[in-house]
Amino acid sequence: MAEPSPRRGASLADGLAFLAAVLVAFVFLFPIYWAFSQSLRNPLDTFTVAGFGIPWVNFTPTLANWIDQVGTPETLRSLANSTIVAIGAAALALALGTPAAYAVARFRFERWKNRDITIWFLSQRVLPPVATVVPFYLVMRSLGLLDTHLALILVNATFVLPFVVVILRQTFLDLPLELEEAALVDGASHWGAFWRIALPLAAPTLAATGLIVFAFTWNEFLFAVALSSRNAITVPVHIAGAVDTRGVQFWFMGVRAMTAIVPPVLIALLAQRYIVRGLTLGAVKG
Amino acid sequence: MRWTGRIRFLFLAPAVAWVLAFTIFPLGYSLYLAFFKVEQKVEIKRVQQPVLDERGQPVIEDGQPKMRNVVLRENVTTSTFIGLDNFRRLVSDPQVADAVRVTLVFLLLAVPAELVLGFLLALLFNRQIMGRSVLRAIMILPIFATPLAVGYVFFTIFYEVGGPLAWTGIPWLSHPGWALVSVAIVDIWQWTPFCFLVILAALQGVPDDLYEAAQIDGASNWDMLTKVLVPLLTPTFVIVLLIRLAEALKLFDIPFAMTGGGPGTATQPYSMLAFRTGLRFFDLGYASAMAYGLLAVVMVVIMLFFRRMRESYG
């Protein structure tokens, strides 16, 4: 880590930096905290609570909203749908993207060079989704797949594929080549070297990548709202729909926002190491 | 040292086929649609049908099958080739001009602020302080918080009667100008952490010797910042800027939840207009032309990004 060498007054500067860190942490946590605080309030307390809305200090908290909202069939179904879609999309994207990442990391391509292939995969990540939503809608409609898990799995796997390729390509490049070469000398096929040597070594990254793309899929809204109407609605679509029919009921919104936000956020914390590299398409190694 | 076995194509084939089917094909289909006027209509037809009895046999009355009037509703999609009309309409449509303006103002408000704040925070916390790893973890939360839910949460935060920011007296959501500022603030909240994490990672890659050398040469902190760090980090800034530009052009979820594009169309970005045109008003051909307008801009950003990155993907 690069640290400026210690100077006089460094401890004061460190103290100020610590205070600044607390302030910054407060600002970036506040909205999530606020949703949580709202979720613990009576409807009557929603607009009358003073200050930072601290439970027990500014109002008497209640679990009534959580009990009311989390158990409803609609909420449970949207949670189940989001889980199914996110797991399906993550599995599919890993199955497609891992061999492709191995190919660009380990083999030499000539007509289209390795870097061209990598860029071709990665450029999907930057495409605006609204550019493909109309054709996807029409194709899914003519296939009778509107409002199904399958449609959302197919679409989301496409969006997260570049992420899988960029993370795993670098992982395979970082693995020592000798192990796979030894296996090849011993008569293993390329597929065997991939399947029995490289893949197990990459397993932790594979798991972390799966978690991150799960979170991306969980958060996707535009395609979910375009392609689902009743049976396949995911958590974000459920939230938007509840607002359409009943208006924003702040106390319930707090609960719903928390159920949407908590799973992807926890998952991202588990897979922190790969986030910077993944989000910059490999441009910066975090 | 890289292998050249033919099997390399098999490793690559599934993913390539997938991208062709799920990205290239839709883009092509979209381009095709952009040259058509696609209309979805419900056609109501009155027809005569024979009345059937319980066994499914026509009921005979006076030697003729008894008939009844039936109203049939049919969804009919018609498409007419109209050449470049959708694109002509695109450049003269005041709604489009408005959405472009909203998107540009949003970009100018949010993206520079995210970069500058992210850089300042990275400078501030590029030192050993208590709880830095906790701070880094906290900064990951906004990036992964469901944007749609974040939009609704900020709706309650910006609420002008009894919300936590009501004391400011600012019409956060009801005034067209402020509403767009509010959307930008939410985006800044969500993406400053990304800029912070990336720039911090780059800062930590700056070798210690450089600081020491600068100090020996008697450089002030300001010189250090402007003459050493900023030039060194410029490639990182450019990459972060291009990624944020490409992502910010997709803006959709936050205004969808927080303002619904309003008041009026004051916070309706381009993506939202295209989405509504296509999937709420089912003007599919025009929506496709709109999508291509956006695509043209994004392509420029993508090409700039990958031109910078080309060597590192070798």
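Everything numeric here is computed off the predicted structure, so don't read it as measured data.
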Item to check | Residue among B/T236, B/L197, B/V19 with most heavy-atom pairs under 4.5 Å to chain A | outcome: B/V19
Item to check | Contact check, side chains of A/D116 and B/F306, non-hydrogen atoms, under 4.5 Å | outcome: no
Checklist entry - So do the side chains of B/M309 and A/I119 get within less than 4.5 Å of each other, counting heavy atoms only? => result no
Checklist entry - Side chains of A/V130 and B/Y270: closer than 4.5 Å at any heavy-atom pair? => result no
Checklist outcome for this item: Okay, A/T158 and chain B: the region with an atom under 4.5 Å from a heavy atom over there is both
Checklist entry - Of all heavy-atom pairs between A/V104 and B/R2, which one has the smallest distance, and what is that distance? => result O-NH2, 3.6 Å
Checklist outcome for this item: Correct closest heavy-atom pair for B/I140 and A/A268 would be CG2-CB, 3.9 Å
Checklist entry - chain B: which of A/P236, A/G97, A/P162 shares the most heavy-atom pairs with it under 4.5 Å? => result A/P236
Item to check | Side chains of B/I7 and A/S189 in contact at under 4.5 Å (non-hydrogen atoms) | outcome: no
Item to check | Residue, of B/A21, B/A274, B/S271, that accumulates the most heavy atom pairs under 4.5 Å with chain A | outcome: B/S271
Checklist outcome for this item: In terms of heavy-atom pairs under 4.5 Å with chain B, the winner among A/L127, A/I267, A/V27, A/V139 is A/L127
Checklist entry - Is the A/F107 to B/F9 ring centre distance short of 6.0 Å? => result no
Checklist entry - Checking B/A257 against chain A: side chain, backbone, both or neither under 4.5 Å from a heavy atom? => result neither
Item to check | Interface moiety of B/F22 toward chain A, non-hydrogen atoms closer than 4.5 Å | outcome: both
Checklist entry - With respect to chain B, which residue among A/A215, A/A95, A/A157, A/A20 yields the maximal number of heavy-atom pairs within a distance under 4.5 Å? => result A/A20
Next on the checklist: Contact between B/F305 and A/V126 at the side-chain level, heavy atoms closer than 4.5 Å - yes or no?
Outcome noted: no
Checklist outcome for this item: Nearest heavy-atom contact between A/I261 and B/V150 is CD1-CG2, 4.4 Å
Checklist entry - So what's closer than 4.5 Å to chain B heavy atoms on A/L281: side chain, backbone, both or neither? => result both
Next on the checklist: What part of A/L184 gets within 4.5 angstrom of chain B, counting heavy atoms only: side chain, backbone, both, or neither?
Outcome noted: side chain
Item to check | Residue A/Y137 versus chain B: region with a heavy atom under 4.5 Å | outcome: side chain
Checklist outcome for this item: What one should report as the nearest heavy-atom pair of A/P31 and B/V153 is O-CG1, 3.3 Å
Checklist entry - Just how far is it from atom CZ of A/R256 to atom CG of B/L148, taken to the nearest 0.5 Å? => result 11.5 Å
Checklist entry - More than 12 heavy atoms of other residues, nucleotides or ligands under 6.0 Å from CZ of B/R307: is that the case? => result no
Checklist outcome for this item: Here the gap from A/L266 atom CG to B/F144 atom CZ, rounded to the nearest 0.5 Å, amounts to 12.5 Å
Next on the checklist: When you compare the side chain of B/I24 with that of A/W120, does any pair of heavy atoms fall below 4.5 Å?
Outcome noted: yes
Item to check | Distance, nearest 0.5 Å, that separates CE of B/M139 from CD of A/Q272 | outcome: 12.5 Å
Checklist entry - In terms of heavy-atom proximity below 4.5 Å to chain B, should A/I275 be classed as side chain, backbone, both, or neither? => result side chain
Item to check | Under 4.5 Å from a heavy atom of chain B, the part of A/L227 involved | outcome: neither
Checklist entry - So what's closer than 4.5 Å to chain B heavy atoms on A/Y102: side chain, backbone, both or neither? => result side chain
Next on the checklist: Using the ring pair (Phe, Tyr, Trp, His ring centres under 6.0 Å) definition, which of the options A/F194, A/W195, A/F109, A/F172 pairs with B/F11?
Outcome noted: A/F194
Next on the checklist: Report which part of A/Q170 has an atom under 4.5 Å of a heavy atom belonging to chain B: side chain, backbone, both, or neither.
Outcome noted: neither
Next on the checklist: If we define contacts as heavy-atom pairs under 4.5 Å, which of B/W167, B/F155, B/Y32 has the most with chain A?
Outcome noted: B/F155
Next on the checklist: At a 4.5 Å cut-off on heavy atoms, which part of B/F154 comes close to chain A: side chain, backbone, both, or neither?
Outcome noted: side chain
Checklist entry - Side-chain contact, heavy-atom cut-off 4.5 Å: B/Y29 with A/T132? => result no
Checklist entry - Do you know which of B/V198, B/D209, B/I239 has the most heavy-atom pairs with chain A at a distance under 4.5 angstrom? => result B/V198
Next on the checklist: Only pairs of heavy atoms separated by less than 4.5 Å count here; which of A/L138, A/V133, A/I117, A/L161 has the most with chain B?
Outcome noted: A/L138
Checklist entry - Which region of B/R308, side chain (C-beta onward) or backbone (N, CA, C, O), has a non-hydrogen atom less than 4.5 Å from a non-hydrogen atom of chain A, or is it both or neither? => result neither
Next on the checklist: Counting only non-hydrogen atoms closer than 4.5 Å, does B/Q190 touch chain A with its backbone (N, CA, C, O), its side chain (CB onward), both, or neither?
Outcome noted: neither
Checklist entry - Taking every heavy-atom pair that is under 4.5 Å apart, which of B/A145, B/A246, B/G260 has the most such pairs with chain A? => result B/A145
Checklist entry - Once you round to the nearest 0.5 Å, how far does OG1 of B/T4 lie from CZ of A/R108? => result 6.0 Å
Checklist entry - Parallel, tilted or perpendicular for B/Y159 and A/F250, by the 30°/60° rule? => result perpendicular
Next on the checklist: Can you tell me which portion of B/V16 sits under 4.5 Å from chain A's heavy atoms? Options are side chain, backbone, both or neither.
Outcome noted: both
Item to check | Partners passing side-chain contact (heavy atoms from CB on, under 4.5 Å) against A/R111 (at least two apart in sequence or in another chain) | outcome: none
Next on the checklist: Between B/D253 (side chain only) and A/L222 (backbone N and O only), is there a donor and an acceptor less than 3.5 Å apart?
Outcome noted: no
Checklist entry - Rounded to the nearest 0.5 Å, how far apart are CG of B/L12 and CH2 of A/W112? => result 10.5 Å
Checklist entry - Between A/I239 and B/A149, which heavy-atom pair has the shortest distance, and what is it? => result CD1-CB, 4.2 Å
Item to check | Side-chain heavy atoms of B/T146 within contact of A/P264, under 4.5 Å | outcome: yes
Item to check | Atom group of B/Y292 that falls short of 4.5 Å from chain A, counting heavy atoms | outcome: neither
Checklist outcome for this item: Whatever's closer than 4.5 Å to a heavy atom in chain B on A/A101 counts as neither
Item to check | Max heavy-atom pair count under 4.5 Å with chain B, selected residue of A/V22, A/T280, A/V164 | outcome: A/T280
Next on the checklist: Working note: B/L135 + A/F28, criterion side-chain contact (heavy atoms from CB on, under 4.5 Å); need CA distance, chi angles, decisive distance, verdict.
Outcome noted: CA-CA 10 Å; B/L135 183 73; A/F28 284 95; over 6 Å; no
Checklist outcome for this item: d(B/I143 CD1, A/N219 CG) to nearest 0.5 Å is 11.5 Å
Checklist entry - Under a 4.5 Å heavy-atom cut-off, does chain A meet the side chain of B/I302, its backbone, both or neither? => result side chain
Checklist outcome for this item: Scored by heavy-atom pairs under 4.5 Å with chain A, the best of B/L10, B/L295, B/I157, B/V298 is B/I157
Checklist entry - Are A/L269 and B/L141 close enough, and set up right, to give a side-chain contact (heavy atoms from CB on, under 4.5 Å), and what steps lead you there? => result CA-CA 8 Å; A/L269 289 179; B/L141 305 187; 3.9 Å; yes
Checklist entry - Got more than 12 heavy atoms from elsewhere within 6.0 Å of CE, B/M224? => result yes
Next on the checklist: Tell me the closest heavy-atom pair linking A/P135 and B/P26, and the distance in Å.
Outcome noted: CG-O, 3.2 Å
Checklist entry - Using a cut-off of under 4.5 Å for heavy-atom pairs, which of A/A103, A/A257, A/A21 has the most such pairs with chain B? => result A/A21
